[in-house]
Amino acid sequence: MSHRFTRRDFAGAAGALAAGLAIPTAKAEAQTVSATPAALANDRRFPADFVWGTATSAYQIEGAVSAEGRGPSIWDSYSHTPNKIRGGGNGDHAVDHFHRYKEDIQLMKALGAKAYRFSISWSRVFPAGVGTPNPQGLDFYNRLIDELLASGIEPFATLYHWDLPQALQDRVGGWASQDTSKAFGDYAAHVAQRITDRVKNIFTINECGTFVDFGYGRGPVELAPGLKLPQPQLNQVRHHVALGHGMAVQAIRANGRADTRVGLAENVASCVPAIETPANIRASEIATREMNGGYMTVILEGRYTDAFLAYAGKNAPSFTAEELKIISSPVDFVGLNVYMPQYYVVASGDQHGFALVPFPTSFPRMDSDWLRIGPEALYWAPRNVAKVWNVKQIYISENGTSAADRPAGDGKIHDLDRVMYLRNYLTHLQRATSEGIPVRGYFHWSLMDNFEWSDGYEKRFGLYHVDFATQKRTPKLSAEFYRSLIAANAVV
Ligand code: GBH
């Protein structure tokens, strides 16, 4: 029997709102999966050994910025500079993960997640970036790693998620100098010696493309250090970051256990065919290579493309053949951070072989202005990376969304928009794995709400809501969705 809404229902609801009464909402439990038909679940299943996890980064969650000998990073200075961060927040306390890591590991366990991607704060390990290590620095990560393993959760460590030691910024201009690439290699060697007995998967750098462009190219307000370098210097920074990645790969190989696997986590410019015609699909492959020329292409091919160098012209970075060899040291896997389609692509008869279609202003977005909704990016990003570079092991190292999460009258967070986003994106990821595209795992960004860089605490990306005043963690509806999905190993 169906209930037809009448004018009176709407009038009643409006009246209740006007009177300030809460309209009863369904309990979160009742809104989630009851029984997924077996046939449907089979069609929508992921590979049996697919790795489901969550992701975070050090400065965004840890707090405890002066604890146990940690040195300052560029994010401490940047976030304490007036007018850089929405709402004036900083990571001094963040979500206090430094002290609450055990509780947070229980949150992962409750999801049934089997992997966790976290980052190590360089300035905890080397307070001045180089020189004398602070032995207490790695103690925290050792405790975290041991607790994860005891809970049946595989640790995936990222060595650099944007929190450069301030001393390196002050002394050599950060990534503007090759000294920082070398220092990063030394830090990677030090960490590899000490954690690879237990950590088998290491990401070198998180999103070269993002922190270089937004930290060194678009200042004064975007990301630390908040610079706006002229093009030639900016291209040189790019090259030094790619070089730092390569030096770290070599350092990890030389200093870690033989079974250590190394990769990077890049916010790949995902190029999606506007309409799936063979010509547009081919164009999206060409675009993938060209639009990722600064990092993915040089890292996976050992050369800057002709178009990249022609476009840069006299602003091109200076580099040697030896450096290109280091940059392209073989990786074991590629991590892709995929939030949205970066470009919609069509075929073109000109010398580029592709054209970018402009986004209409009405293109839908999530709670962050930049976060365009295009679920098919989670198919096309890994599909094109596997196709263009013959990559054999891919992880989705980040995917997720902000949402305007507010606890309802019943204290629950009914983030239907995040559930909608995830259901659709993961449907496209499942399309990829069902076609044999080698995606091995997925890390949801993020485990819990945290310090969202220049958006401060005003954008929430977590599966768990955090009350920033009390540090209380509460599962959102999306946590329940993700738990069900992991349990079914299928889109539910
Ligand atoms: C990731 O970057 C980060 O790795 C992670 O730390 C972060 O918390 C998460 O995403 C959520 O943002 O305003 O149009 O100029 C995501 C990629 C690229 C998103 C740059 C924000 C700014 C775009 N980011 N972008 S715009």
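In each ligand, atom 1 is the first atom listed, and ligand 1 is the first ligand listed.
The distance criterion of under 3.5 Å between nitrogen or oxygen atoms is met by W453 with respect to ligand 1. Checked by distance only, ligand 1 and H161 come closer than 3.5 Å through their nitrogen or oxygen atoms.
At a threshold of 4.5 Å between non-hydrogen side-chain atoms, the residues N142 and R198 count as touching.
The nearest protein atom to atom 3 (C) of ligand 1, hydrogens excluded, is given as E398 OE1, 3.4 Å; this is a heavy-atom distance. Shortest contact from atom 10 (O) of ligand 1 to any protein heavy atom: Y339 OH, 3.2 Å. Here the protein heavy atom with the shortest distance to atom 12 (O) of ligand 1 is E452 OE2, 2.5 Å. Protein heavy atom in closest approach to atom 15 (O) of ligand 1: F214 CE2, 3.1 Å. Closest to atom 14 (O) of ligand 1 among all protein heavy atoms lies W370 CB, 3.4 Å. With hydrogens left out, the protein atom closest to atom 2 (O) of ligand 1 is E207 OE1, 2.9 Å, a heavy atom.
E62 has a carboxylate O that lies under 4.0 Å from a charged side-chain N of R124, or vice versa, which qualifies the two as a salt bridge.
Within the 4.0 Å heavy-atom criterion, neither part of D369 lies near ligand 1. Contact annotation: for K459 versus ligand 1, there are no heavy atoms closer than 4.0 Å.
Checking side-chain atoms of K412 against main-chain N and O of A408 turns up no donor-acceptor pair under 3.5 Å.
Ring to ring, F451 and Y457 are close: their centroids are under 6.0 angstrom apart. Outside the 6.0 Å centre-distance limit, the rings of Y187 and Y160 are not counted as a close aromatic pair. Taking the six-membered ring where the residue is Trp, the centroids of W52 and F443 are separated by 6.0 Å or more.
A cation-pi arrangement is not found for R440 relative to F333, the charged atom failing to lie both closer than 6.0 Å to the ring centre and inside a 45° cone about the ring normal. Within the cation-pi definition used here (under 6.0 Å to the ring centroid, within 45° of the axis), R383 does not qualify as a partner of Y379.
The ligand atoms of ligand 1 that sit less than 4.0 angstrom from a heavy atom of F461 are 11 (C), 12 (O). Listed by number with element, the atoms of ligand 1 under 4.0 angstrom from any heavy atom of T210 are 18 (C), 20 (C). Per-residue contacts place N267 under 4.0 angstrom from the following atoms of ligand 1 (heavy atoms of the residue considered): 17 (C), 18 (C).
The aromatic rings of F461 and W370 sit parallel to each other, their planes meeting at less than 30°, with 60° as the upper class boundary.
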